[in-house]
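Working notes for the structure below.
Values below: every heavy atom of this structure, side chains too, minus hydrogens, waters and symmetry copies.
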Amino acid sequence: MRGFLASSTGVTCAAALALPLAPPAAAATSSTPPATSPTARSEAHAPGGTQSLRLAPLARDRAPGTAEQGLRRQDVRQFSLVGVVWDSPATELHGRVEVRTRATATGTWSGWQELETHNADHAADPGTPESASGRVRGATAPLWVGESDGVEVRVRASDAPGTARSGPAAAPLPTGLRLELVDPGEAAPPPTNRARSEAEPSVLPARTALPARTARAARQRAEPHAGARPAITTRRGWGADEKLREKGFVYTKKVKTAFVHHSATGNNYRCSQAPSVIRSIYRYHVNSTGWRDLGYNFLVDKCGNIYEGRAGGVSKPVLGAHTLGFNANSMGIAVLGTYSSKKPSSAALKAIARLTAWKVGLYGMNPRGKTYLKSGGGNLYRKGRKVRLNVISGHRDGFATNCPGKQLYAKLGTARSKAAAYQGR
């Protein structure tokens with residue numbers, strides 16, 4: 001979402017936190033074959049896999065980077081989330097990406113749906129090992145479409161803002177365009193080791209009170225305005241496959257700012273599907289875009305359920321990949337959905353407030369206050385500049401982007417006030 005102002009089956013809704021831590025049928029032959037035979041990664045052959053299909057020119061001009069590429073309507077293995085990636089994360093896609101999908105349950109095709117093309121601002125900071133791994137790709141935001149078994153995609157180039165068209169190739173598309181079709185699979189089975197299972201439960205109730213008077217007094221002296229920990233679904237709770245991510249964890253010093261995002265995956269999901277949506281985003285971030293783990297530190301669904309994001313411990317300052325240039329000493333919270341024109345639910349706003357009241361409170365921060373972060377480099381602030389930000393900020397406060405959408409951004413003042421009240425301020 002980088003253009004400036006441009007743009008489970010599983011756990012129950014009462015799920016909560018753990019402290020720090022028949023395979024699909026083979027694709028049938030399409031009645032309308034694609035321009036070139038797509039290739040798919042071997043991972044796509046198992047539930048929870050990703051089909052990666054190479055796009056081809058749709059017009060007569062078949063040179064690399066031509067102004068229109070895509071994939072003709074065809075049958076594929078089952079998937080629920082779709083995105084488009086390309087070779088270089090430094091290359092912007094100036095244009096429009098649209099997909100149509102066929103619902104598995106009904107066999108009906110959707111209308112054309114647009115994918116958010118400006119997504120590089122959700123990424124690791126420049127120069128960090130994660131960004132310089134050599135595995136990172138350029139990518140659109142992913143879109144949740146539900147269980148589907150047919151797809152069609154078209155990518156049409158347009159001129160970059162501020163440029164004048166001088167010919168058909170004035171705004172070439174990035175090289176290596178591929179369509180990523182993600183199947184979230186089922187939730188991971190419980191660990192066989194009983195001790196591990198007991199050490200890492202899927203759910204725990206929210207912590208609403210301290211266990212003893214002495215402990216409470218000590219906590220109040222050290223953290224006079226820390227809010228109560230809310231209920232949070234752990235990675236085990238939403239079914240994270242821990243074999244996908246890189247081993248080990250990376251930490252920053254503290255959490256001074258919470259950046260609020262929208263996932264831009266669309267609003268067509270049920271809250272019971274949220275774990276599947278998160279598993280899909282996780283696979284997309286790791287397997288398709290090349291990040292070390294899920295980019296966000298936390299996610300919130302429209303029913304107000306909170307989910308652990310990047311691994312490393314929910315109370316710890318885990319370094320994420322959510323706000324390019326400002327991942328250090330911050331955390332990223334993504335509300336599942338797209339909130340450019342749709343208003344966020346009151347339940348989601350309450351969840352943001354409760355989560356931030358607790359997490360920034362652990363580091364002595366006032367949700368209604370201001371703080372300074374040093375920029376790691378971006379399109380608003382040069383690397384090394386100290387920037388004054390709200391303790392609860394929107395993604396667009398650190399980067400020229402539409403995220404977290406106009407409607408969600410407009411509600412951050414409410415979230416700040418509620419969070420401060422939860423801290424007793």
Tell me whether the NZ or CZ atom of R96 lies within the 45° cone about the ring axis of W112 and under 6.0 Å from its centre.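 No, R96 does not lie over the aromatic ring of W112.
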
K302 to Y269 six-membered ring, cation-pi geometry met (6.0 Å, 45°):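 The answer is yes, since K302 meets both limits relative to Y269.
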
Would you indicate whether the side-chain heavy atoms of [Y] and [X] approach each other to under 4.5 Å?
X    : Y    : answer
L336 : I278 : yes
N297 : S330 : no
T175 : W86  : no
P404 : V335 : no
I352 : I306 : no
V387 : L380 : no
R283 : L81  : no

I need the [X] [atom1] to [Y] [atom2] distance, nearest 0.5 Å.
X    : Y    : atom1 : atom2 : answer
S393 : L373 : OG    : CG    : 8.0 Å
Q423 : T356 : CD    : OG1   : 7.5 Å
Y339 : C403 : OH    : SG    : 12.0 Å
H262 : L408 : NE2   : CG    : 8.0 Å

Using the six-membered ring wherever Trp is involved, compare the ring planes of H322 and F259 and label them parallel, tilted or perpendicular (cut-offs 30° and 60°).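 H322 vs F259 ring planes: tilted.
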
H395 and H122 aromatic ring geometry - parallel, tilted or perpendicular at 30°/60° bounds: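 Correct class here is perpendicular.
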
Under 3.5 Å: donor-acceptor pair, side chain of [X], backbone of [Y]:
X    : Y    : answer
T140 : V84  : yes
Q51  : R77  : yes
R245 : V286 : no
N327 : A123 : yes
T252 : A328 : no
K350 : K418 : no

Charged N to carboxylate O under 4.0 angstrom, R154 versus E98?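 A salt bridge is present here (some side-chain N lies under 4.0 Å from a carboxylate O).
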
Between E180 and R137, is the closest basic N to carboxylate O distance under 4.0 Å?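 Salt bridge flag = no for E180 with R137.
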
Check G313 against V318 and note the closest heavy-atom contact, atom names and distance.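 Of all heavy-atom pairs spanning G313 and V318, the closest is O-CG2, 3.6 Å.
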
Testing R310, M331, H285 one by one against Y296 for a side-chain contact (heavy atoms from CB on, under 4.5 Å), which residue passes?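 Option passing the side-chain contact (heavy atoms from CB on, under 4.5 Å) with Y296: H285.
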
Test L143 against every option in E114, Q113, E116 by the side-chain contact (heavy atoms from CB on, under 4.5 Å) rule and name the one that passes.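 The residue from E114, Q113, E116 that satisfies side-chain contact (heavy atoms from CB on, under 4.5 Å) with L143 turns out to be Q113.
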
Can you list the steps and then say if V145 with S110 is a side chain to side chain contact (heavy atoms under 4.5 Å, CB included)? CA-CA 9 Å; V145 294; S110 71; over 6 Å; no

K370: partners by side chain to side chain contact (heavy atoms under 4.5 Å, CB included), with sequence neighbours left out: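 Counting only residues at least two positions away or on another chain, K370 forms a side chain to side chain contact (heavy atoms under 4.5 Å, CB included) with R388, N390.
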
Can you name the residues that form a side chain to side chain contact (heavy atoms under 4.5 Å, CB included) with V391, not counting sequence neighbours?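 Side chain to side chain contact (heavy atoms under 4.5 Å, CB included) list for V391, sorted by chain: V360, M365, T371.
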
Sorted by first residue and then second, give each salt bridge (Lys or Arg N to Asp or Glu O under 4.0 Å) pair with at least one member in residues 138-153; sequence neighbours left out.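 Pairs touching residues 138-153 that pass the test: R73-E152, R100-E152, R102-D149.
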
Show, in sequence, the C-alpha distance, side-chain angles and deciding distance for D301 and V277, and conclude whether the side chain to side chain contact (heavy atoms under 4.5 Å, CB included) test is met. CA-CA 10 Å; D301 68 25; V277 177; over 6 Å; no

